[in-house]
Amino acid sequence: MNNEKYVKRFSKFIVIAHWTNAISFIMLVLTGLPLFLGVKVPELLQIVHRVFAVTFLLPTPFMILMDRQGFMQWTKSAWSWSKRDFQFLAVFPLELIGKAKNIPKQDFFNGGQKLNSVLTILGAVTMVATGFIMWFKESFPVEVVRWAYPVHDAGMAVMVAVIIGHIYLSVGHPASRPSFIGMTKGVVPESYAKAHHGRWYDELKEKNEI
Amino acid sequence: MAVEIAMLHDVEKCSACRGCSVACKQWKNLPADKTPFDGDYQSHKDLSSKTYTLIRMKETMVDDKVRWDFLKFQCMHCGIAGCVLGCPTNALQKEETGIVSHDIDKCIGCGYCEINCTFGVPHVDKETKKSTKCNLCIDRVEKYIENGYDRKYMPSCAKTCTADAILFGTREEMVKIANERLAVLREKYPDACTYNVETDNSIKGGAMMYVLPYKPSVYGLPDEPQLAPSLSVWKDKIQPAGKILMGAAVVAVAGAAVVNTVTGGGKHGGDDHE
């Protein structure tokens with residue numbers, strides 16, 4: 001693989017936004033999970049949780065300001081589902097253990113990445129909305145505040161389950177591991193693009209970009 | 001052997017002297033809550049992290065005469081308490097005596113007790129970041145039981161009450177007195193009722209009981225007190241399901257990692273497809 005060629009996948013702004021989001025999310029889980037599990041932790045963690053709640057908000061306006069095109073491509077793609085996305089999800093459990101065959105060619109984002117995006121977007125909106133209610137509970141009716149807690153917990157559980165899969169696929173899973181560099185250097189190996197995002201690869205070929 | 005105790009406020013006998021509030025401040029070593037005069041006889045609008053009990057005073061005009069209704073408001077020590085269910089660190093506990101106690105060392109000031117209390121009783125102190133509320137003088141009550149129900153170890157508010165409106169004893173005894181007083185009050189007040197004596201609601205009564213001449217709502221109490229419905233959804237459904245979901249994700253990923261390591265699988269495509 002000495003002569004492996006790379007293709008551009010994400011702008012540096014998307015990469016920065018991703019890692020701001022990732023660090024914020026991990027810190028939010030580390031400071032919030034103890035309360036969910038009933039583990040006594042220093043009161044200070046409740047303050048730290050709120051600091052990272054604020055940094056968690058930053059990537060969205062940052063992406064819109066710095067790379068509107070990349071942001072739109074991602075959000076649009078997350079909501080455009082076709083048959084091949086569902087076909088991907090159907091064989092995904094086999095793909096996870098490297099046994100999947102005949103996966104239909106995927107877009108820039110495959111069915112799994114689209115599902116990850118949808119859950120991440122909906123999860124973030126849910127967490128921000130309920131978190132806001134919990135932070136400023138004096139401004140809301142007590143009934144609303146009471147329901148914010150179970151919803152915040154449910155959103156957390158779903159997002160943690162998603163991130164566990166997301167992290168494994170990016171650093172552990174043999175086939176999809178090459179994609180990790182896409183979120184560091186913004187490029188992926190051409191062979192990876194061809195194998196995992198066939199339709200995107202074909203598009204690039206058509207446009208003579210590779 | 002656990003003895004269930006209870007406090008009974010016989011509101012018809014209450015003269016609203018507020019001796020109970022003062023006795024509480026003394027025993028609990030609490031500073032005064034300075035409140036502005038706003039044209040009301042009631043000194044404190046609500047409980048706070050420095051005021052664990054107060055006398056609610058309500059003026060009602062009946063046939064051109066003022067009628068006063070008083071109520072000693074404090075923690076109800078519910079049979080099943082929203083604060084106990086909501087507390088993530090088990091700082092709040094329902095004791096065998098019926099007291100809802102509060103372990104300050106376990107408390108992290110998250111305020112889950114505040115929002116889940118049926119009566120809005122606990123308050124997290126802004127400085128100490130600890131929740132606060134009446135614990136029915138749990139230290140005194142231990143001695144009260146140890147010393148064969150010696151009056152001098154009653155909760156300080158009950159001990160100090162000049163009008164014998166705050167009674168304290170075993171729950172059995174208090175229930176008996178409450179029902180006797182109810183029978184007497186019924187002759188004069190058709191709406192008279194007991195409060196927290198019956199346990200046929202979702203909070204299962206409480207160790208702070210009342211005999212009321214009028215409906216509970218007259219005194220600012222919910223006519224039908226109930227646990228917040230979100231509590232059981234949260235604690236019995238969402239949290240266990242959430243733990244299962246996160247656990248399942250860990251197991252699935254760990255399983256895949258093992259399979260891929262053993263079989264060398266998952267290496268189609270990408271940089272390894274040759």
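In what follows, every heavy atom counts, from backbone to side chain, and hydrogens, waters and symmetry copies are set aside. Below, chain A is the first sequence line, B the second, and so on; all start at residue 1.
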Hey, does Gln46(A) have a side-chain heavy atom less than 4.5 Å from the side chain of Lys129(B)?
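The answer is no, as the side chains (C-beta and beyond) never meet within the 4.5 Å cut-off.
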Report yes if some heavy atom in the side chain of Leu35(A) is under 4.5 Å from a heavy atom in the side chain of Ile108(B); otherwise report no.
yes
Which pair of heavy atoms, one from [X] and one from [Y], lies closest together, and at what distance?
X         : Y         : value
Leu96(A)  : Ala256(B) : CG-CB, 3.6 Å
Gly98(A)  : Asn260(B) : N-OD1, 3.8 Å
Ile238(B) : Asp153(A) : CG2-CB, 4.0 Å
Lys243(B) : Leu37(A)  : CE-CD2, 3.9 Å

Applying a criterion of heavy atom separation less than 4.5 Å, what residues of residues 139-152 of chain A form contacts with chain B?
Val142(A), Val145(A), Arg146(A), Trp147(A), Tyr149(A), Pro150(A)
Among residues 7-28 of chain A, which residues come closer than 4.5 Å to chain B, judged by heavy atom distances?
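The stretch does not come within 4.5 Å of chain B.
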Do you know which of Lys237(B), Lys235(B), Met246(B), Glu114(B) has the most heavy-atom pairs with chain A at a distance under 4.5 angstrom?
Met246(B)
Counting heavy-atom pairs under 4.5 Å with chain A, which one of Ser230(B), Cys87(B), Ala248(B) comes out on top?
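Counting heavy-atom pairs under 4.5 Å, the top option is Ser230(B).
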Can Val250(B) and Ile164(A) be said to form a side chain to side chain contact (heavy atoms under 4.5 Å, CB included), step by step?
CA-CA 7 Å; Val250(B) 171; Ile164(A) 289 169; 3.6 Å; yes
Engaged part of [X] at the chain B interface, taking heavy atoms whose separation is under 4.5 Å:
X         : value
Leu33(A)  : side chain
Val162(A) : neither
Lys137(A) : side chain

Of the listed residues (Ala157(A), Pro93(A), Gly38(A)), which shares the most heavy-atom pairs with chain B below a 4.5 Å separation?
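Option with the greatest count: Ala157(A).
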Which value, rounded to the nearest 0.5 Å, describes the distance between Cys107(B) atom SG and Glu43(A) atom CD?
7.5 Å
Exceeds 12 heavy-atom contacts within 6.0 angstrom, atom NZ of Lys194(A)
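No, the 6.0 Å shell around NZ holds no more than 12 heavy atoms from other groups.
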